[in-house]
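Sequence lines set the chain letters: A, B, ... in the order given, protein chains first and strands last, and positions in each chain run from 1. The figures here come from the full heavy-atom set of this structure, side chains too, leaving out hydrogens, waters and symmetry mates.
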There are 2 protein chains.
Amino acid sequence: MLTEQYNAYSFLLERTARRIKQYAQYQFNCGDFGITVDQWSILKSLRQHADLSQKELAEYCGKDQPTLTRIVDLLVGKNLVERRANPTDRRSFVVHLTPEGERKIDTLTVNINEIRMHAWQNLDEADFEHLKRILNTIYDNLDIGGKS
Amino acid sequence: MLTEQYNAYSFLLERTARRIKQYAQYQFNCGDFGITVDQWSILKSLRQHADLSQKELAEYCGKDQPTLTRIVDLLVGKNLVERRANPTDRRSFVVHLTPEGERKIDTLTVNINEIRMHAWQNLDEADFEHLKRILNTIYDNLDIGGKS
DNA sequence: CCCATATATTTGTCACACTAATTATTATTA
DNA sequence: TAATAATAATTAGTGTGACAAATATATGGG
(Lines give C-alpha, C1' and ligand atoms only; values in the text may rest on other atoms or scores of the structure.)
Protein backbone atom coordinates (compact mmCIF):
# COMPACT_ATOMS: atom_id res chain seq x y z
CA MET A 1 0.00 0.00 0.00
CA LEU A 2 1.86 3.02 -1.27
CA THR A 3 -0.38 5.64 0.26
CA GLU A 4 0.77 4.56 3.71
CA GLN A 5 3.85 6.70 3.30
CA TYR A 6 1.76 9.86 3.41
CA ASN A 7 0.68 8.92 6.88
CA ALA A 8 4.33 8.66 7.73
CA TYR A 9 5.13 12.10 6.35
CA SER A 10 2.24 13.65 8.22
CA PHE A 11 3.44 11.99 11.38
CA LEU A 12 6.98 13.23 10.85
CA LEU A 13 5.82 16.77 10.32
CA GLU A 14 3.60 16.84 13.38
CA ARG A 15 6.28 15.26 15.50
CA THR A 16 8.88 17.80 14.44
CA ALA A 17 6.54 20.73 15.03
CA ARG A 18 5.77 19.41 18.51
CA ARG A 19 9.44 19.06 19.25
CA ILE A 20 10.24 22.59 18.14
CA LYS A 21 7.58 24.01 20.40
CA GLN A 22 8.47 21.71 23.26
CA TYR A 23 12.13 22.63 23.04
CA ALA A 24 11.40 26.34 22.98
CA GLN A 25 8.99 26.07 25.90
CA TYR A 26 11.53 24.05 27.85
CA GLN A 27 14.12 26.78 27.38
CA PHE A 28 11.54 29.44 28.25
CA ASN A 29 10.88 27.64 31.52
CA CYS A 30 14.57 27.20 32.29
CA GLY A 31 15.09 30.93 31.80
CA ASP A 32 12.03 31.86 33.88
CA PHE A 33 10.68 33.96 31.05
CA GLY A 34 7.25 33.90 32.69
CA ILE A 35 5.52 33.40 29.38
CA THR A 36 4.62 30.66 26.90
CA VAL A 37 5.83 30.28 23.35
CA ASP A 38 2.43 31.16 21.95
CA GLN A 39 2.11 34.19 24.19
CA TRP A 40 5.47 35.33 22.90
CA SER A 41 4.30 35.10 19.32
CA ILE A 42 1.40 37.41 20.15
CA LEU A 43 3.72 39.96 21.71
CA LYS A 44 6.03 39.83 18.70
CA SER A 45 3.12 40.35 16.32
CA LEU A 46 2.03 43.39 18.30
CA ARG A 47 5.51 44.83 18.16
CA GLN A 48 5.44 44.60 14.40
CA HIS A 49 1.84 45.73 13.95
CA ALA A 50 0.72 47.85 16.84
CA ASP A 51 -2.85 47.88 18.07
CA LEU A 52 -4.41 45.17 15.95
CA SER A 53 -7.94 44.03 16.67
CA GLN A 54 -8.24 40.53 18.06
CA LYS A 55 -9.54 39.25 14.78
CA GLU A 56 -6.61 40.75 12.86
CA LEU A 57 -4.23 39.42 15.46
CA ALA A 58 -5.72 35.95 15.17
CA GLU A 59 -5.29 35.93 11.42
CA TYR A 60 -1.79 37.29 11.60
CA CYS A 61 -0.71 34.67 14.13
CA GLY A 62 -2.58 31.81 12.48
CA LYS A 63 -4.73 31.11 15.54
CA ASP A 64 -8.48 30.93 15.81
CA GLN A 65 -10.45 33.53 17.68
CA PRO A 66 -11.36 31.59 20.82
CA THR A 67 -7.74 30.61 21.31
CA LEU A 68 -6.64 34.18 20.80
CA THR A 69 -9.19 35.48 23.27
CA ARG A 70 -7.74 33.24 25.95
CA ILE A 71 -4.14 34.06 25.20
CA VAL A 72 -4.96 37.75 25.37
CA ASP A 73 -6.71 37.10 28.69
CA LEU A 74 -3.51 35.59 30.04
CA LEU A 75 -1.37 38.43 28.72
CA VAL A 76 -3.76 40.98 30.24
CA GLY A 77 -3.46 39.12 33.53
CA LYS A 78 0.31 39.56 33.32
CA ASN A 79 -0.02 43.26 32.50
CA LEU A 80 1.79 42.81 29.23
CA VAL A 81 -1.06 43.99 27.00
CA GLU A 82 -4.37 45.78 27.49
CA ARG A 83 -7.64 45.85 25.60
CA ARG A 84 -8.60 49.27 24.33
CA ALA A 85 -11.89 50.32 22.82
CA ASN A 86 -11.85 50.43 19.05
CA PRO A 87 -13.06 53.93 18.20
CA THR A 88 -14.54 52.86 14.88
CA ASP A 89 -16.30 49.66 15.99
CA ARG A 90 -17.71 49.07 19.41
CA ARG A 91 -17.83 45.32 18.86
CA SER A 92 -14.09 45.02 18.80
CA PHE A 93 -11.05 45.87 20.86
CA VAL A 94 -7.57 46.76 19.85
CA VAL A 95 -4.84 44.98 21.74
CA HIS A 96 -2.17 47.35 22.99
CA LEU A 97 1.26 46.60 24.37
CA THR A 98 1.78 48.04 27.84
CA PRO A 99 5.15 49.55 28.79
CA GLU A 100 5.77 46.35 30.71
CA GLY A 101 5.00 44.37 27.56
CA GLU A 102 7.45 46.48 25.59
CA ARG A 103 10.10 45.90 28.22
CA LYS A 104 9.44 42.16 28.19
CA ILE A 105 10.03 42.04 24.45
CA ASP A 106 13.24 44.03 24.70
CA THR A 107 14.53 41.83 27.49
CA LEU A 108 13.84 38.48 25.86
CA THR A 109 14.36 39.02 22.14
CA VAL A 110 18.03 38.10 22.02
CA ASN A 111 17.64 35.01 24.18
CA ILE A 112 14.69 33.74 22.24
CA ASN A 113 16.28 34.25 18.85
CA GLU A 114 19.16 32.15 20.04
CA ILE A 115 16.83 29.43 21.29
CA ARG A 116 14.97 29.37 18.00
CA MET A 117 18.23 29.09 16.10
CA HIS A 118 19.13 25.75 17.64
CA ALA A 119 16.55 23.93 15.56
CA TRP A 120 18.20 24.92 12.32
CA GLN A 121 21.76 23.80 12.84
CA ASN A 122 23.30 21.64 10.12
CA LEU A 123 20.94 23.07 7.51
CA ASP A 124 21.83 25.50 4.76
CA GLU A 125 20.09 28.16 2.72
CA ALA A 126 19.01 25.70 0.04
CA ASP A 127 17.35 23.56 2.71
CA PHE A 128 15.41 26.53 4.01
CA GLU A 129 14.20 27.37 0.54
CA HIS A 130 13.10 23.78 -0.06
CA LEU A 131 11.35 23.62 3.26
CA LYS A 132 9.58 26.91 2.77
CA ARG A 133 8.31 25.92 -0.65
CA ILE A 134 7.20 22.46 0.45
CA LEU A 135 5.39 23.69 3.54
CA ASN A 136 3.60 26.40 1.61
CA THR A 137 2.58 23.89 -1.04
CA ILE A 138 1.07 21.65 1.60
CA TYR A 139 -0.64 24.57 3.25
CA ASP A 140 -2.23 25.63 -0.02
CA ASN A 141 -3.27 22.06 -0.81
CA LEU A 142 -5.39 21.94 2.31
CA ASP A 143 -7.42 25.11 2.12
CA ILE A 144 -10.74 23.88 3.51
CA GLY A 145 -13.10 26.80 3.37
CA GLY A 146 -11.27 28.67 0.68
CA LYS A 147 -11.52 31.66 2.96
CA SER A 148 -8.13 33.08 2.01
CA MET B 1 18.27 41.03 12.40
CA LEU B 2 19.05 37.81 10.59
CA THR B 3 17.98 35.41 13.31
CA GLU B 4 14.39 36.59 12.96
CA GLN B 5 13.99 34.27 10.02
CA TYR B 6 14.27 31.22 12.25
CA ASN B 7 11.21 32.39 14.08
CA ALA B 8 9.49 32.53 10.71
CA TYR B 9 10.51 28.98 9.83
CA SER B 10 9.32 27.67 13.17
CA PHE B 11 6.05 29.46 12.66
CA LEU B 12 5.65 28.04 9.18
CA LEU B 13 6.29 24.52 10.37
CA GLU B 14 3.86 24.71 13.26
CA ARG B 15 1.23 26.30 11.07
CA THR B 16 1.53 23.58 8.44
CA ALA B 17 1.38 20.80 10.99
CA ARG B 18 -1.75 22.33 12.50
CA ARG B 19 -3.32 22.59 9.08
CA ILE B 20 -2.60 18.94 8.23
CA LYS B 21 -4.22 17.76 11.42
CA GLN B 22 -7.09 20.21 11.11
CA TYR B 23 -7.80 19.14 7.55
CA ALA B 24 -7.76 15.45 8.43
CA GLN B 25 -10.00 16.00 11.45
CA TYR B 26 -12.40 18.04 9.36
CA GLN B 27 -12.71 15.20 6.86
CA PHE B 28 -13.07 12.68 9.69
CA ASN B 29 -15.99 14.71 11.01
CA CYS B 30 -17.60 15.07 7.58
CA GLY B 31 -17.45 11.31 7.14
CA ASP B 32 -18.79 10.60 10.64
CA PHE B 33 -15.84 8.37 11.39
CA GLY B 34 -16.62 8.64 15.10
CA ILE B 35 -12.97 8.97 15.98
CA THR B 36 -10.21 11.60 16.11
CA VAL B 37 -7.01 11.71 14.12
CA ASP B 38 -4.90 10.87 17.15
CA GLN B 39 -7.15 7.99 18.13
CA TRP B 40 -6.78 6.66 14.61
CA SER B 41 -3.00 6.70 14.89
CA ILE B 42 -3.25 4.54 18.00
CA LEU B 43 -5.46 2.01 16.25
CA LYS B 44 -3.08 1.88 13.29
CA SER B 45 -0.12 1.31 15.56
CA LEU B 46 -1.92 -1.56 17.24
CA ARG B 47 -2.70 -3.11 13.90
CA GLN B 48 0.98 -3.13 13.06
CA HIS B 49 2.21 -4.18 16.51
CA ALA B 50 -0.44 -6.06 18.39
CA ASP B 51 -0.77 -5.90 22.16
CA LEU B 52 1.81 -3.29 23.02
CA SER B 53 2.01 -1.97 26.56
CA GLN B 54 0.95 1.61 27.03
CA LYS B 55 4.52 2.71 27.40
CA GLU B 56 5.57 1.00 24.19
CA LEU B 57 2.54 2.41 22.45
CA ALA B 58 3.37 5.91 23.67
CA GLU B 59 6.90 5.67 22.35
CA TYR B 60 5.81 4.21 19.06
CA CYS B 61 3.23 6.96 18.52
CA GLY B 62 5.44 9.76 19.77
CA LYS B 63 3.07 10.76 22.56
CA ASP B 64 3.75 11.04 26.25
CA GLN B 65 2.28 8.58 28.70
CA PRO B 66 -0.42 10.70 30.32
CA THR B 67 -1.70 11.70 26.89
CA LEU B 68 -1.72 8.09 25.80
CA THR B 69 -3.55 6.97 28.92
CA ARG B 70 -6.34 9.39 28.12
CA ILE B 71 -6.59 8.47 24.46
CA VAL B 72 -6.77 4.80 25.42
CA ASP B 73 -9.53 5.70 27.91
CA LEU B 74 -11.53 7.18 25.05
CA LEU B 75 -10.92 4.19 22.79
CA VAL B 76 -11.96 1.83 25.58
CA GLY B 77 -15.13 3.88 25.98
CA LYS B 78 -15.84 3.31 22.29
CA ASN B 79 -15.18 -0.43 22.58
CA LEU B 80 -12.40 -0.25 20.02
CA VAL B 81 -9.64 -1.47 22.33
CA GLU B 82 -9.43 -3.11 25.74
CA ARG B 83 -6.81 -3.21 28.48
CA ARG B 84 -5.55 -6.67 29.26
CA ALA B 85 -3.36 -7.69 32.14
CA ASN B 86 0.28 -8.05 31.24
CA PRO B 87 1.23 -11.57 32.33
CA THR B 88 4.86 -10.66 32.97
CA ASP B 89 4.37 -7.34 34.80
CA ARG B 90 1.43 -6.47 36.96
CA ARG B 91 2.20 -2.77 36.76
CA SER B 92 1.38 -2.62 33.10
CA PHE B 93 -1.39 -3.43 30.66
CA VAL B 94 -1.30 -4.49 27.08
CA VAL B 95 -3.70 -2.68 24.81
CA HIS B 96 -5.67 -5.05 22.63
CA LEU B 97 -7.81 -4.33 19.57
CA THR B 98 -11.37 -5.55 19.97
CA PRO B 99 -13.17 -7.11 16.98
CA GLU B 100 -15.01 -3.81 16.69
CA GLY B 101 -11.67 -2.02 16.59
CA GLU B 102 -10.44 -4.33 13.85
CA ARG B 103 -13.59 -3.68 11.87
CA LYS B 104 -13.21 0.08 12.33
CA ILE B 105 -9.73 -0.07 10.85
CA ASP B 106 -10.84 -2.15 7.90
CA THR B 107 -13.73 0.18 7.19
CA LEU B 108 -11.80 3.44 7.33
CA THR B 109 -8.33 2.65 5.97
CA VAL B 110 -9.03 3.43 2.33
CA ASN B 111 -10.88 6.68 3.06
CA ILE B 112 -8.22 7.91 5.43
CA ASN B 113 -5.35 7.15 3.12
CA GLU B 114 -7.07 9.22 0.49
CA ILE B 115 -7.58 12.08 2.91
CA ARG B 116 -3.94 12.01 3.94
CA MET B 117 -2.85 12.06 0.32
CA HIS B 118 -4.40 15.45 -0.36
CA ALA B 119 -1.69 17.23 1.57
CA TRP B 120 1.01 16.00 -0.73
CA GLN B 121 -0.29 16.98 -4.13
CA ASN B 122 2.07 18.93 -6.38
CA LEU B 123 5.10 17.46 -4.63
CA ASP B 124 7.45 14.84 -6.02
CA GLU B 125 9.74 12.15 -4.68
CA ALA B 126 12.69 14.50 -4.41
CA ASP B 127 10.60 16.86 -2.28
CA PHE B 128 9.69 14.05 0.08
CA GLU B 129 13.30 13.07 0.46
CA HIS B 130 14.31 16.66 1.19
CA LEU B 131 11.51 17.08 3.67
CA LYS B 132 12.27 13.85 5.46
CA ARG B 133 15.94 14.71 5.82
CA ILE B 134 15.29 18.27 6.96
CA LEU B 135 12.68 17.28 9.53
CA ASN B 136 14.86 14.56 10.94
CA THR B 137 17.78 16.95 11.16
CA ILE B 138 15.67 19.41 13.13
CA TYR B 139 14.36 16.65 15.36
CA ASP B 140 17.87 15.51 16.17
CA ASN B 141 19.03 19.07 16.79
CA LEU B 142 16.51 19.45 19.59
CA ASP B 143 17.05 16.38 21.70
CA ILE B 144 16.53 17.81 25.18
CA GLY B 145 17.14 14.98 27.58
CA GLY B 146 19.28 12.94 25.28
CA LYS B 147 17.16 10.00 26.29
CA SER B 148 17.12 8.43 22.84
C1' DC C 1 14.10 -10.76 53.67
C1' DC C 2 14.37 -5.45 53.72
C1' DC C 3 15.23 -1.30 51.81
C1' DA C 4 16.19 1.96 48.26
C1' DT C 5 15.49 2.78 43.64
C1' DA C 6 13.36 2.33 39.23
C1' DT C 7 9.30 1.68 36.31
C1' DA C 8 4.17 1.72 34.42
C1' DT C 9 0.28 3.93 34.98
C1' DT C 10 -2.82 7.34 36.65
C1' DT C 11 -4.36 11.93 38.22
C1' DG C 12 -4.21 16.98 38.40
C1' DT C 13 -3.22 21.41 36.42
C1' DC C 14 -2.37 24.59 32.85
C1' DA C 15 -2.22 25.82 27.97
C1' DC C 16 -3.84 25.46 23.26
C1' DA C 17 -7.01 23.86 19.03
C1' DC C 18 -11.46 23.26 17.15
C1' DT C 19 -16.59 23.44 17.07
C1' DA C 20 -20.86 25.33 18.18
C1' DA C 21 -23.64 28.59 20.36
C1' DT C 22 -24.38 33.36 22.47
C1' DT C 23 -24.21 38.39 22.81
C1' DA C 24 -23.56 42.90 21.22
C1' DT C 25 -22.96 45.65 17.47
C1' DT C 26 -22.82 46.91 12.54
C1' DA C 27 -24.29 46.50 7.75
C1' DT C 28 -27.77 45.43 4.39
C1' DT C 29 -31.98 45.44 2.17
C1' DA C 30 -36.85 45.28 1.74
C1' DT D 1 -37.34 52.72 9.04
C1' DA D 2 -37.76 47.86 10.35
C1' DA D 3 -36.37 43.40 9.69
C1' DT D 4 -32.53 40.56 8.43
C1' DA D 5 -27.98 39.19 7.84
C1' DA D 6 -23.14 39.57 8.93
C1' DT D 7 -19.36 40.38 12.18
C1' DA D 8 -16.24 40.72 16.73
C1' DA D 9 -15.75 38.77 20.74
C1' DT D 10 -16.88 35.48 24.19
C1' DT D 11 -18.27 31.06 26.46
C1' DA D 12 -18.79 26.12 26.82
C1' DG D 13 -17.40 21.48 25.70
C1' DT D 14 -14.16 18.08 24.11
C1' DG D 15 -9.62 16.54 22.83
C1' DT D 16 -4.70 16.91 23.00
C1' DG D 17 0.13 18.19 24.90
C1' DA D 18 3.43 19.06 28.69
C1' DC D 19 4.75 18.63 33.27
C1' DA D 20 4.60 17.20 38.21
C1' DA D 21 3.09 14.31 41.73
C1' DA D 22 0.95 10.04 43.47
C1' DT D 23 0.29 4.94 43.43
C1' DA D 24 1.38 0.28 42.71
C1' DT D 25 4.60 -2.98 41.42
C1' DA D 26 9.57 -4.66 40.19
C1' DT D 27 14.26 -5.07 40.88
C1' DG D 28 18.65 -4.57 42.86
C1' DG D 29 22.05 -4.69 46.78
C1' DG D 30 22.77 -5.47 51.53
For B/D64 and C/dA15, give me the distance from atom CG to atom P, rounded to whole Å. 17 Å

Polar contact flag, side-chain donor to acceptor under 3.5 angstrom, A/D140-A/T137: no

Expressed in angstrom and rounded to an integer, what is the separation of B/I42 atom CD1 from D/dT16 atom P? 9 Å

Measuring from B/L135:CG to A/T16:OG1, what's the distance to the nearest 0.5 Å? 4.0 Å

If the condition is side chain to side chain contact (heavy atoms under 4.5 Å, CB included), which residues does A/D124 pass it with, not counting sequence neighbours? A/A126, A/D127

Would you mind reading off the distance between B/I20 atom CD1 and D/dT16 atom P, rounded to a whole angstrom? 18 Å

Nucleotide of D/dC19, D/dG17, C/dC18 approaching B/Q22 most closely (side-chain heavy atoms): C/dC18

Does A/T67 make a side-chain N or O approach to OP1 or OP2 of C/dA17 shorter than 4.0 Å? yes

Lys/Arg-Asp/Glu bridge criterion (N-O < 4.0 Å) met for B/E59, B/K55: yes

Complement of C/dA30, any strand, by Watson-Crick or G-U distances under 3.5 angstrom: D/dT1

Measure from NZ on B/K63 to P on D/dA18 and round the result to the nearest Å. 9 Å

Checking all strands, does B/I71 fall into the base, sugar-phosphate, or nothing category for heavy-atom contacts under 4.0 angstrom? sugar-phosphate

From the list D/dA18, C/dA15, C/dA17, which nucleotide is the closest neighbour of the side chain of A/T36? C/dA15

Could you tell me whether B/Q39 contacts a base, only the sugar-phosphate backbone, or nothing, with contacts defined as non-hydrogen atoms closer than 4.0 Å? sugar-phosphate

A/N86 side chain to A/S92 side chain, donor-acceptor N/O pair below 3.5 angstrom: yes

Interatomic distance where CG belongs to B/L68 and P belongs to D/dG17 [whole Å]: 10 Å

What is the separation between atom CG on B/N29 and atom P on C/dT19, rounded to the nearest whole Å? 7 Å

Testing the 3.5 Å rule here: is there a donor-acceptor pair between the side chains of B/E56 and B/Y60? no

Calculate the interatomic distance between B/L75 atom CG and D/dT16 atom P; express it in whole Å. 8 Å

Centroid separation B/W40 to B/F33 less than 6.0 Å: no

For the pair made of CZ in B/R90 and P in D/dT23, what is the distance, rounded to whole Å? 19 Å

Reading nucleotides 3-12 of chain C from the 5' end, what letters show protein touch, with B for base, S for backbone sugar-phosphate only, - for no heavy atom under 4.0 Å? ---BBSBBBB

